[in-house]
Amino acid sequence: MKTEKEKMLAGELYDALDAQLTQERTQARLLLKQLNESREDQTAERTQLLQQLLPHAGAGLWIQPPFYCDYGSNMYLGEKVFFNFNCVVLDVAPVTIGHRTLFGPNVQIYTATHPMDHQIRASGLEFAKPITIGDDVWVGGSAVICPGVSIGARSVIGAGSVVTKDIPADVFVAGNPCKVIRPLGEEA
Ligand SMILES: CC(=O)SCCNC(=O)CCNC(=O)[C@H](O)C(C)(C)COP(=O)(O)OP(=O)(O)OC[C@H]1O[C@@H](n2cnc3c(N)ncnc32)[C@H](O)[C@@H]1OP(=O)(O)O
């Protein structure tokens, strides 16, 4: 029989109040509290906290606190990823982010979702869909990336966008719901 964590990572309905999952979220929140209360000049402490919180992060990660996530262990980050102030990553399902991808302030990445049927929702069971963001993507401030979305390499997501569907590579997209505005080429 699958554990609740195995069901969660497989995208199946699971119980978020499961003891193991609650313990793992608590551990992440304790690390986040230390990170978010650290001073800008405590670089060694911040590096150590991020290594504990995000064991699958590439070199050169830069997170500007405050930062929030559910588990941290479900985030897979390439090299030189940047999160500006106040980003939220609900990494209930895996969140995979490519090299050199940049996030403006207040970006929110949600893999977590709930059943549309109110009776199933009332049971407390929930589920999640993975999110994948390619290399060299720039996500503007306050964008929301919805569950299950993939964003192709080098694309730019306008500030305040709500990304509800997959975005191809090499496009500028914006709006709510987010739509392709134009392809990106050789421009600066
Ligand atoms: C990593 C960090 O920390 S980043 C720091 C925080 N900074 C940001 O988040 C800035 C994000 N920047 C943006 O969102 C900008 O809109 C950009 C850079 C992506 C695009 O800017 P421009 O190239 O000037 O856009 P452009 O003029 O080509 O816009 C084309 C159309 O898209 C619209 N548009 C541009 N951005 C947006 C947006 N965020 N939401 C909705 N529509 C938009 C424009 O109004 C324009 O519409 P129109 O053709 O009807 O007039």
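Just so you know, ligand 1 is whichever comes first in the structure, and atom 1 is the first atom listed for that ligand. Residue numbers count from 1 along this sequence. Given the structure is predicted, the values throughout are model-derived calculations rather than measurements.
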Self-check item: Gap separating the CD1 atom of Ile131 from the OG1 atom of Thr111, nearest 0.5 angstrom
Solution: 6.0 Å

Quiz item: Under a 4.0 Å N-O cut-off, is there an ion pair linking Glu45 with Arg39?
Solution: no

Self-check item: Residue pair Glu24, Gln20: steps toward the side-chain hydrogen bond (donor to acceptor under 3.5 Å, both in side chains) verdict
Solution: CA-CA 6 Å; Glu24 291 186 19; Gln20 178 191 8; 3.2 Å; yes

Practice problem: Output the set of protein residues with a heavy-atom contact under 4.0 Å to ligand 1, ordered first by chain identifier and then by residue number. | Solution: Phe82, Asn84, Leu102, Phe103, Gly104, Pro105, Trp138, Gly140, Gly141, Val156, Gly158, Ala159, Phe172, Ala174, Gly175, Ile181, Arg182

Quiz item: Are Arg29 and Asp70 close enough for a salt bridge, meaning some N to O gap below 4.0 Å?
Solution: yes

Quiz item: Do Glu40 and Gln64 have side-chain N/O donor and acceptor atoms under 3.5 Å apart?
Solution: yes

Quiz item: Hey, are Asp136 and Arg154 close enough for a salt bridge, meaning a charged N less than 4.0 Å from a carboxylate O?
Solution: no

